[in-house]
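Data first, discussion second: the structure below is written as structure tokens.
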Protein chains: 2
Amino acid sequence: MPNTSAADVLRVARMLFAIDGYAATSIGHIAEAAGLSKSAVLYHYSSKEALLEAIITPAVDGLEGVVASFARSADADPRHEFVEPFVDYLLANRLEMSIFVNQGQSLRGLPVIDRANGLVQRLGDAVSLGVVRIDDRIRFGMALGGAAYTVVAAINWTDNALPSAELEDADEVRAALVEIVTGLLVASRTSVAAH
Amino acid sequence: MPNTSAADVLRVARMLFAIDGYAATSIGHIAEAAGLSKSAVLYHYSSKEALLEAIITPAVDGLEGVVASFARSADADPRHEFVEPFVDYLLANRLEMSIFVNQGQSLRGLPVIDRANGLVQRLGDAVSLGVVRIDDRIRFGMALGGAAYTVVAAINWTDNALPSAELEDADEVRAALVEIVTGLLVASRTSVAAH
DNA sequence: CAGAAACCTGACCGATCGGACAGTACGCTG
DNA sequence: CAGCGTACTGTCCGATCGGTCAGGTTTCTG
């Protein structure tokens, strides 16, 4: 994690985009918070959109891996194949998740966001394959969406403004998420098998 | 549901605020979509903020009832006392929920939004009372947040643009949500009792 | 029919936005 | 020392924003 100005801009912008929203965050705000001029921000990132792209592209790349790991877990025990990578991904990309979970729809049209939305849809489609019962679909949606939203909400509802959350009991949180998500997914699987 | 211009403005604005976001929706956009001039919109609602207030105040009032119904269900079977009203509330206020679930943090500072956020916090606090284990807290968060987010996401991921979603199997959805949320809450309760 | 109230428009305002651009200070290399 | 790339700054621009205002039309009421 280098300490260059460009990296500072990235960190500040990620924070502001996640908490205040992309539309409500001006380049001037980012510049001020980073201790630079607006022009300096635009020197490092040629546009506001390019800045957003630089922020969430790595996270979207990681999401690609998560989707792949789900496809791989099609018939195995989903816990190790899919759930743990999924939960780890959520916890490691909280701010980026917050951006495209909460603003994914309003920002559609931007290429990076569309790519992220497409991946989410692919994940949803992959899971709907062979799942007919509505309550199973909803259970699955709650497992994925609920976990994502819970992790994101933890940013907002705990006293934030601190650079990274005070997750000292991160291991416990992780274990709990893995257990609950697995529970919801397994319930879905078994009811599929029984059907 | 009257067909006056003021009501049209309200409907259009609710849609745009929920889908495109409050910050990204200009009064001019609302006016255009409603077939009026910008001035006409500002004639019916004195400011953009007043328009948002008119949209979500009824939903926030309803949320007050939901919070009260949770307090009432403290030791009873939570299904009828709390879960059903909660799920019904979510389904009946999908667009408004979408606004202050997804944008509640970025819009903090606006009185109506702060009131809504305070209610959500009150609900969270009420539930944390006596719940120590982290996995129980997360399970509860996933029950409430996940249900809310699932209902909201259904707006965004299904082909929208249709005025109200094509929820013909609404009864099945409702039943499934009630069952799943109840399951998560009951698991939490029993583990509290066992502890 | 007179007048008031309700409804709506177009013109205009200051502020802020994303972004372009010309210029400057600094360090490295030949 | 000359020259060049990097890292910035302040200035300016057109567009768009939320909001005001003066006036026009329609509708209701006495």
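In what follows, every chain begins at residue 1, and chains take the letters A, B, ... in the order their sequences are listed.
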Take atom CG of A/Leu52 and atom C1' of C/dG19, then tell me their distance rounded to the nearest Å. 17 Å
At under 4.0 Å between heavy atoms, what does B/Ser26 touch on the DNA or RNA strands: base, sugar-phosphate, or nothing? sugar-phosphate
So what does A/Thr4 touch, heavy atoms closer than 4.0 Å: a base, only the sugar-phosphate, or nothing? nothing
What nucleotide among D/dT20, D/dT6, C/dC8 has an atom nearest to a side-chain atom of B/Leu36? C/dC8
Is the NZ or CZ atom of A/Lys48 both under 6.0 Å from the centre of the six-membered ring of A/Tyr22 and within 45° of that ring's axis? yes
From the options C/dG10, D/dG19, C/dC21, select the nucleotide whose nearest atom is closest to the side chain of B/Ile27. D/dG19
Go through the structure and list residues passing side-chain contact (heavy atoms from CB on, under 4.5 Å) with B/Ala68, not counting sequence neighbours. B/Arg72
State whether A/Ser5 places a side-chain N or O below 4.0 Å from either non-bridging phosphate oxygen (OP1 or OP2) of D/dC8. yes
Taking the side chain of A/Lys38 as its heavy atoms from C-beta onward, which of C/dG19, C/dG10, D/dG18 lies nearest to it? C/dG19
Separation of B/Glu49 atom CD from D/dC17 atom P, in whole Å? 18 Å
Got a donor-acceptor pair under 3.5 Å from the side chain of B/Ser47 to the base of D/dG18? no
Between B/Arg133 and A/Glu172, does the salt bridge (Lys or Arg N to Asp or Glu O under 4.0 Å) criterion hold? Intermediate values first, please. CA-CA 9 Å; B/Arg133 287 181 48 190; A/Glu172 279 184 272; over 6 Å; no
Tell me: CG of A/Leu42 to P of D/dT11, nearest whole Å? 17 Å
Quick one: do A/Asp88 and A/Arg174 satisfy salt bridge (Lys or Arg N to Asp or Glu O under 4.0 Å)? Show the steps, please. CA-CA 7 Å; A/Asp88 286 336; A/Arg174 192 191 100 104; 2.6 Å; yes
Taking side-chain contact (heavy atoms from CB on, under 4.5 Å) as the definition, give me every residue that meets it alongside B/Ala143, ordered by chain and number, with sequence neighbours left out. B/Val181, B/Leu184, B/Leu185
For the pair made of NZ in B/Lys48 and P in D/dT20, what is the distance, rounded to whole Å? 15 Å
Please report the distance, rounded to the nearest Å, between CG in B/Leu16 and C1' in D/dG18. 16 Å
Below the 4.0 Å mark, does D/dC8 have OP1 or OP2 next to a side-chain nitrogen or oxygen of A/Tyr43? no
Hey, is the side chain of A/His44 poking within less than 4.0 Å of OP1 or OP2 on D/dT6, counting only N and O atoms? no
Can you measure A/Tyr45 atom OH to C/dA20 atom P for me and round it to whole angstrom units? 17 Å
Closest nucleotide among C/dC17, D/dG19, D/dC8 to the A/His29 side chain: C/dC17
Taking only the side-chain heavy atoms of B/Ser39 (C-beta and beyond), determine which of D/dC8, D/dC21, D/dG19 contains the nearest atom. D/dC21
